Protein chains: 2
Amino acid sequence: MRVTITDIAKKAKVSASTVSRVIADNPRISTATKEKVLKIMEEMNYHPNMIARSLVNRSTRIIGIVMPGVAEQSFKHPFFPELLAGIASMANKKGYKILLANVATVDEEKQMVEELTLSGMTEGIILLTSRDQDSSLEQLVAEHFPFVVIGRSENPYVNWVDNDNFNIGYQLAEHFIKQGHREIAFLGYSPGALVTRDRLNGYKKALQDHQLAFDPELVVESKFITDNGYDLMKAFLADGGRPTAVLACDDYLAFGAIKAIHEAGLAVPTDLAVAGINNVPLADYHNPPLTSVAINAFSLGTKAFEMLRTVMKNDIQSYNRAIIPADLVIRASSRHELHGA
Amino acid sequence: MRVTITDIAKKAKVSASTVSRVIADNPRISTATKEKVLKIMEEMNYHPNMIARSLVNRSTRIIGIVMPGVAEQSFKHPFFPELLAGIASMANKKGYKILLANVATVDEEKQMVEELTLSGMTEGIILLTSRDQDSSLEQLVAEHFPFVVIGRSENPYVNWVDNDNFNIGYQLAEHFIKQGHREIAFLGYSPGALVTRDRLNGYKKALQDHQLAFDPELVVESKFITDNGYDLMKAFLADGGRPTAVLACDDYLAFGAIKAIHEAGLAVPTDLAVAGINNVPLADYHNPPLTSVAINAFSLGTKAFEMLRTVMKNDIQSYNRAIIPADLVIRASSRHELHGA
DNA sequence: CTATTAGGGACAAACGTTTGCATAAAGTGG
DNA sequence: CCACTTTATGCAAACGTTTGTCCCTAATAG
């Protein structure tokens with residue numbers, strides 16, 4: 001049996017309430033008894049029972065993170081741990097703990113969100129599932145439960161923090177354009193994912209700003225966001241696609257694409273320039289080193305937590321949104337001026 | 001105010017205990033009232049308060065994971081999320097939630113472990129910090145609190161699950177030896193980390209089994225386990241080191257090393273064969289594709305959770321240990337028979 | 001020297017459940 | 001038709017805290 005507050009009280013010959021107030025450092029307790037009680041607490045290695053405490057003050061100091069299941073490739077992606085690290089570091093600093101809930105299906109997500117909010121376990125949650133039409137969101141909104149989502153949402157009542165995906169697309173496209181590229185493939189567009197839509201829009205805008213026409217043929221769709229760059233690029237090339245540059249929606253896609261390009265007997269960046277997004281640690285070690293965009297996932301996490309806190313504090317929801325700036329990192333895979341253009 | 005069990009009770013004109021028994025599907029409640037109560041629960045969107053429930057039955061269905069802080073590079077390493085995914089998937093299946101606690105320092109760890117165990121929040125914990133002499137461990141052992149550590153421990157009273165590091169070292173070394181290599185550098189030995197010690201021992205044993213002498217000069221020490229392969233290799237080569245193969249303790253180390261090797265005007269694998277450990281997703285995309293050893297971090301996680309559960313169930317500790325087998329994946333970076341040897 | 005006040009601490013209710021026990025109603029056997 | 005068992009439900013205590021309120025003692029003021 002663990003040592004409780006009454007055990008301490010008995011040993012110190014005071015009441016439980018006094019002990020409680022000692023813990024809370026309540027000024028109504030004389031320093032004499034405070035010291036006495038603290039000493040006994042120390043001796044008996046007492047730690048307050050969080051469950052009981054939570055029950056009375058309706059506060060657990062726990063936030064929930066709901067993330068897409070194991071099945072998804074994204075789990076292996078460095079983006080995820082970095083984001084998590086950002087959230088965790090901030091949460092830690094503020095004395096919050098993190099309840100990690102990974103869900104495999106949409107139904108599971110809905111159920112998990114319901115449980116997390118209604119069971120009193122968490123004081124707020126962060127959602128990593130940026131599906132477009134998310135029924136959990138509406139529920140959360142209706143319940144006035146504090147939450148923020150990672151990734152943009154079009155629902156006006158949700159707080160979110162996102163990468164600057166539009167700008168990412170824009171910057172990369174412009175980078176290519178400035179080097180004389182005109183035929184820039186966009187690899188990895190996934191209609192369901194807002195992320196890639198925003199990136200594509202940035203890409204289009206860059207074209208437009210430089211008086212270039214948008215060619216839908218250069219957009220290569222992909223169902224998943226990561227793993228199949230090799231297949232996509234291979235098929236694209238086999239199909240007669242001959243861009244001078246490839247803007248891949250993810251570094252992994254880019255790596256795969258480069259492999260396919262090499263197999264096709266072409267060289268990067270001389271025949272084809274390539275860039276990815278996310279700036280994974282290996283982008284620098286790749287051969288050739290890969291131009292990419294640092295997404296600053298860690299900041300995304302810290303920001304998300306901060307936002308969640310403000311939402312939790314103000315009962316009045318304020319509907320915040322934040323966009324984390326990204327940094328273009330130019331490496332050899334795209335460092336080649338085009339001549340003919 | 002959230003809807004409580006008494007709200008349901010009132011509406012259903014029964015007592016709270018009846019509702020409670022309905023939730024527990026207690027056979028002593030007639031099906032008639034069961035249905036009635038369930039219907040009302042549904043209508044009012046009732047979810048039991050986990051905190052209150054935990055308080056009375058002293059069971060939170062939460063396990064804690066204590067992991068080294070954000071600062072550590074390892075956080076970005078795919079090993080971590082995979083492990084986490086393994087734990088999470090298993091936990092999910094068994095109806096457990098995960099409390100993620102990341103600690104920056106050893107002191108913080110000690111404190112966190114203490115809090116997690118004594119506050120009643122978690123029913124068991126998994127430790128990711130495989131430092132050698134860990135004071136938290138002794139505490140946990142003394143308190144008979146259920147826990148398992150990821151990574152071997154020499155304390156006989158701890159349950160652990162680990163990679164087969166000895167074998168990993170052995171297999172890789174043997175792989176090189178069979179190709180005629182005699183001068184195999186061991187890159188990334190870190191005296192503090194059991195992991196690398198075990199791997200080094202495997203490497204030594206392989207040498208011995210093939211009647212080769214161990215040359216300490218070929219062991220390159222590194223403080224961190226991941227990031228500085230480039231610097232290490234560069235310095236090693238500059239120092240006159242001329243192995244024919246490099247066994248790196250981590251794929252990232254290997255990538256860095258290869259970069260240094262290329263810069264030195266040498267080719268992989270013809271001048272120098274290289275292999276890493278962990279089989280990160282990019283090993284296959286690297287140029288040349290990197291020979292590595294799949295560590296099966298996911299299995300590590302599932303196994304850890306299973307072990308934790310058995311420890312939690314049997315109050316009698318059983319001191320289990322498990323070793324997850326690893327799989328050698330041979331790729332181009334080491335696919336080159338040595339002639340002269 | 002009495003009346004008032006301030007300080008320090010105790011009491012008890014409350015948080016939302018679960019569960020052992022009591023009890024009322026209904027069914028069963030002799 | 002009575003005694004007894006079974007079935008279905010309610011009562012109340014308990015889990016370990018926090019916190020509003022009350023009480024006692026001693027100090028201060030008039």
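If you're wondering where the values come from, they're calculated on a predicted model, not measured in any experiment. Reminder, nothing fancy here: chain letters follow the sequence lines and each chain counts from 1.
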Donor/acceptor link under 3.5 angstrom from B:S17 side chain onto base of D:dC11: yes
From A:T122, A:L116, A:L128, A:I126, residue fulfilling side chain to side chain contact (heavy atoms under 4.5 Å, CB included) relative to A:V66: A:L116
Contact list for DNA chain D against residues 111-120 of chain A - heavy-atom distance below 4.0 Å: none
List, one per line, each side-chain donor-acceptor pair under 3.5 Å for residues 35-48 of chain A, sequence neighbours excluded.
{"unit_1": "A:K36", "atom_1": "NZ", "unit_2": "A:A12", "atom_2": "O", "d": "3.4"}
{"unit_1": "A:H47", "atom_1": "NE2", "unit_2": "B:E114", "atom_2": "OE2", "d": "3.1"}

Taking every non-hydrogen atom, the tightest pair across A:S153 and A:L137: OG-CD1, 3.9 Å
Near-strand residues of residues 20-27 of chain B, defined as heavy-atom separation under 4.0 angstrom from DNA chain C: B:S20, B:R21
Interatomic distance where CG belongs to B:N49 and P belongs to C:dG16 [whole Å]: 7 Å
Nucleotide D:dG16, atom P - distance to CE of A:M44 in whole Å: 13 Å
Contact residues, residues 29-43 of chain B to DNA chain D [heavy atom, < 4.0 Å]: B:I29, B:S30, B:T33
Contact under 4.0 Å: A:R58 side-chain N or O vs C:dG16 OP1/OP2: yes
DNA chain C-proximal residues of residues 8-16 of chain A, any heavy atom under 4.0 Å: A:K13, A:V14, A:S15
B:E143 side chain near B:T117 side chain, heavy-atom distance below 4.5 Å: yes
Results of side chain to side chain contact (heavy atoms under 4.5 Å, CB included) for B:R61 - residues two or more places apart only: B:S59, B:Y96, B:E123, B:R309
Heavy-atom donor-acceptor pair, A:R321 side chain to A:P156 backbone, under 3.5 Å: yes
Integer-rounded Å distance: D:dT17 P and B:M121 CE: 13 Å
Sequence-distant partners of B:S15, side chain to side chain donor-acceptor pair (under 3.5 Å), two or more places apart: B:S17, B:T18
Qualifying salt bridge (Lys or Arg N to Asp or Glu O under 4.0 Å) pairs, either residue in residues 94-106 of chain B, two or more places apart: A:E115-B:K97
Whole-Å distance separating the CD1 atom of A:I5 from the P atom of D:dC15: 14 Å
Any A:R53 side-chain N or O less than 4.0 Å from OP1/OP2 of D:dT18: yes
B:E306: partners by side chain to side chain donor-acceptor pair (under 3.5 Å), with sequence neighbours left out: none
Side chain to side chain donor-acceptor pair (under 3.5 Å) involving A:T33 - partner list, sequence neighbours excluded: A:S30
Candidate list A:L300, A:T302, A:D162, test side chain to side chain contact (heavy atoms under 4.5 Å, CB included), partner A:I324, passing option: A:L300
Any residue meeting side chain to side chain contact (heavy atoms under 4.5 Å, CB included) with A:S54, in chain and number order, not counting sequence neighbours: A:T60, B:I51
Interatomic distance, A:I51 CD1 vs C:dC15 P [rounded to whole Å]: 18 Å
Salt bridge (charged side-chain N to carboxylate O under 4.0 Å, His left out) evaluation trace for A:K34 with A:D25: CA-CA 8 Å; A:K34 254 183 200 168; A:D25 200 22; 3.0 Å; yes
Atom-pair distance (CG on A:D7; C1' on D:dG16), nearest Å: 10 Å
D:dT17 OP1/OP2 closer than 4.0 Å to side-chain N/O of A:Y46: yes
Sugar-phosphate only, base, or nothing, as touched by B:R28 at under 4.0 Å among non-hydrogen atoms: base
B:K110: side chain to side chain donor-acceptor pair (under 3.5 Å) partners, not counting sequence neighbours: B:Q139
